[in-house]
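Working notes, structure below.
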There are 2 protein chains.
Amino acid sequence: MNVMQPEVPEVVVLRLPLYVRALTQLEREGMNVVSSQQLGERLQMTPAQIRKDLSYFGRFGKQGRGYSIQFLLEELREILGLTGEWRACLVGVGRLGRAIINYTGFAPEGFTIVAAFDSSENQVGTAVGDLAVRPMSHLPYVVNEVGVSIGIVAVPAAQAQTVIDRLVESGIKGILNYAPVAPYVPRGVVVRNIDPVLSLQSMTFYLKNER
Amino acid sequence: MNVMQPEVPEVVVLRLPLYVRALTQLEREGMNVVSSQQLGERLQMTPAQIRKDLSYFGRFGKQGRGYSIQFLLEELREILGLTGEWRACLVGVGRLGRAIINYTGFAPEGFTIVAAFDSSENQVGTAVGDLAVRPMSHLPYVVNEVGVSIGIVAVPAAQAQTVIDRLVESGIKGILNYAPVAPYVPRGVVVRNIDPVLSLQSMTFYLKNER
DNA sequence: GGGCAATTGTGAACAATGTAACACAATGCC
DNA sequence: GGCATTGTGTTACATTGTTCACAATTGCCC
C-alpha cells in the first residue's frame, strides 16, 4: 500500500496544513519568496524544524533565496491531497450538526458536505441548509454512489460508536468526530476528534493556580 | 508559583482529561475499581503509559487490585482544577459564536459562558440564548468584576489576533480559539485551537491514495 | 495465617522528536 | 568575474516521550 512512503512522522503531517495556511496568507499579501526564518516567525517555530519537515518530501527551496511561495504551496497541496474536492457526509442534524452544515469554513478549502443523515424519524425528510436529511439506511448507497470519503459525526456520545461503525462498514475511510468519545476504528481508518471540552480541561491545569 | 511541580510533560496533561472521561463513564457503569490494563483497552493505549502518566502526580493505585475509580477521579479532578466552576466569555456572536453559546456540552463539565461580546454595532444589545451581547469596551470591566478566566474566540480570522490581544490585556489567562489562525500570546497565557479544517487537511494525507 | 495471583510504580532501555551546526549552492554587488 | 551574503539540506547531538521488565505490595482463598 504505502510502500514508497518513507514513514513520515504523524506530527509532521499535522504541521503541513499550518504551512499551507501561512503560505496562502503570504501569497495573498503579495510575497513571492519566503525563508524558513520568516515562516518560522509567523508560526512561532524554529526555522530548523520547518526545513526538516519539508525535507521529508523533497527539496523545495533555493539556497540563498528561500522558498518560492507559489511552488511550495502547489507541492504541499499535492502532498496533502488538497488538489481536488473532498466529499463528506454528516450524521446527526441536531444543533451541533446544523451548525456544522452551515459553517462556511469548509467549502473554500475544498471540503463539501454532500449529504446529511439522522436516525430520528422526525428529522428525516426535513431540510438543513440545502440538504435533505436522509435515513441512516441510505448511508451505504450514498457513500458508494456519490463517492463520499469523509464522515462527520455529530451525534450524542451514546450513539457515536454505533454510527462510526456504520460509517466504516459503508466504506468511509476518514472520520471527523465531534462526539465526546474516543472511538474505536479498524486500522486504515483515520479519525480526528474535535472536542472543545477536552481542550478546556487540559487548559485549566495551567490556570488553576491563578484562579 | 509552580515550584513544586516537577515539570509534567504537556502531552501527559493533555491525556488526563481522557482518563477523567473514561473513569466517569466506568463509574456510571457501576464499577468501583479499574486496572491500568482495563483502562488501556478502553482508551486504546498501553497500561504502562497510563501508570507512568499517573505516577507524575502521586501513587493512586493499589498493587494487586488497581485504582479506586472514585478516588482516582477525585484526584484527577483536583489536579486538573476541575473542582469548581470556570467562567468564560465569548467574543463574536456570528453563526459560529451562537452555536457555541447554545452548545450544551460545556455546562455539565463546569464551564459556563457568562458574557458575550461583539464589535459590530448591529449585534450589540441583541440577545443570544439568555445572554445580552455587549460592546468590546465592556471587556476589561466584565473580566475583572465577574471573574472571567477563559476567553472563547469566534471571530473571523482577520480579527482574531486583535481580539486575542484585547482579551489578554483584560487579564484573560486561557483562550479557546475557533478562528483559523495560529495566534501569538505572551508567556503565561494558554491557548487551545479548535480547527476542523486543519484536522481534515491532515487527514487527507492518509486518504489521498484511495480516493 | 501463609501462599498465590494480580497489578502497581518506577528505573532503565529504547524510540521519536526537536535543535544546532555546518558545508555549500545560489545570488547579487562592485 | 571574484567575493561576501544568504539560507538551504543534512548530519550530528540533545531532549523528550514511550515501552519494558521486575521488585514490591496487596487482597483473596483455603
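In what follows, chains carry the letters A, B, and so on, assigned in the order in which the sequence lines appear, proteins first and then strands, with residues in each chain numbered from 1.
Between the P atom of C/dT8 and the CZ atom of B/Phe71 lies a distance of 14 Å, rounded to the nearest Å. Atom CD of A/Glu10 and atom P of C/dT17 are 9 Å apart (whole Å). Rounded to an integer number of Å, the gap from B/Tyr19 OH to C/dT8 P is 12 Å. Following rounding to the nearest Å, A/Glu75 (CD) and D/dG9 (P) show an atom-to-atom distance of 12 Å. Here C/dT8 presents its P atom at 10 Å from CG of B/Leu39, a figure rounded to the nearest Å. Protein atom CZ of A/Phe60 is 15 Å distant from nucleotide atom C1' of D/dT10, rounded to whole Å. Rounded to whole angstrom, the span from the CD1 atom of B/Ile50 across to the P atom of D/dG17 amounts to 18 Å. If you measure from atom CZ of B/Arg59 to atom C1' of C/dG11, you get 13 Å, rounded to the nearest angstrom.
Between the side chain of B/Arg65 and the base of D/dG27 there is no donor-acceptor pair of N/O atoms closer than 3.5 Å. Counting atom types as modelled, B/Gln63 pairs no side-chain N or O with a base atom of C/dT7 as donor and acceptor under 3.5 Å.
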For a side-chain contact (heavy atoms from CB on, under 4.5 Å) check, start with the C-alpha distance between B/Ile175 and B/Ile150, then their side-chain angles and the critical distance, and finish with the verdict. CA-CA 6 Å; B/Ile175 290 171; B/Ile150 297 170; over 6 Å; no
If you apply the rule salt bridge (charged side-chain N to carboxylate O under 4.0 Å, His left out), what do you find for B/Asp195 with A/Arg192, and how did you get there? CA-CA 11 Å; B/Asp195 196 328; A/Arg192 295 285 184 264; over 6 Å; no
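Proximity note for A/Ala48 (side chain, C-beta onward) versus C/dA20, D/dG7, D/dT18: the nearest is C/dA20. Of all nucleotides listed (D/dG17, D/dG27, C/dT17), D/dG17 comes nearest to the side chain of B/Val11. Closest to the A/Ser35 side chain, of the nucleotides C/dT7, D/dG9, D/dG7, is D/dG7.
In this structure, A/Arg15 does not reach the C/dT17 phosphate: none of its side-chain N or O atoms is under 4.0 Å from OP1 or OP2. Residue A/Thr46 places at least one side-chain N or O under 4.0 Å from the OP1 or OP2 atom of C/dT19. In terms of phosphate contacts, B/Tyr56 brings no side-chain nitrogen or oxygen within less than 4.0 Å of OP1 or OP2 of D/dT16. Proximity of A/Ser55 to the phosphate of D/dG9: no side-chain N or O atom is located under 4.0 Å from OP1 or OP2. Contact annotation: B/Gln49 reaches the phosphate of D/dT18 (side-chain N/O to OP1 or OP2, under 4.0 Å).
Between A/Glu145 and A/Arg87 there is no salt bridge, since no side-chain nitrogen of the basic residue lies less than 4.0 Å from a carboxylate oxygen of the acidic one.
A/Gln70 and A/Glu27 are not linked by any side-chain donor-acceptor pair at a separation below 3.5 angstrom, with hydrogens and angles left out of the test. For the 3.5 Å distance criterion, the side chains of B/Asp165 and B/Gln161 qualify, holding a donor opposite an acceptor.
Taking for each of A/Arg51 and A/Gly64 the nucleotide of DNA chain D with the nearest heavy atom, the 5'-most of the two is the partner of A/Gly64. Positionally, the nearest nucleotide of DNA chain C for B/Gly66 lies more toward the 5' end than for the other of B/Lys52 and B/Gly66.
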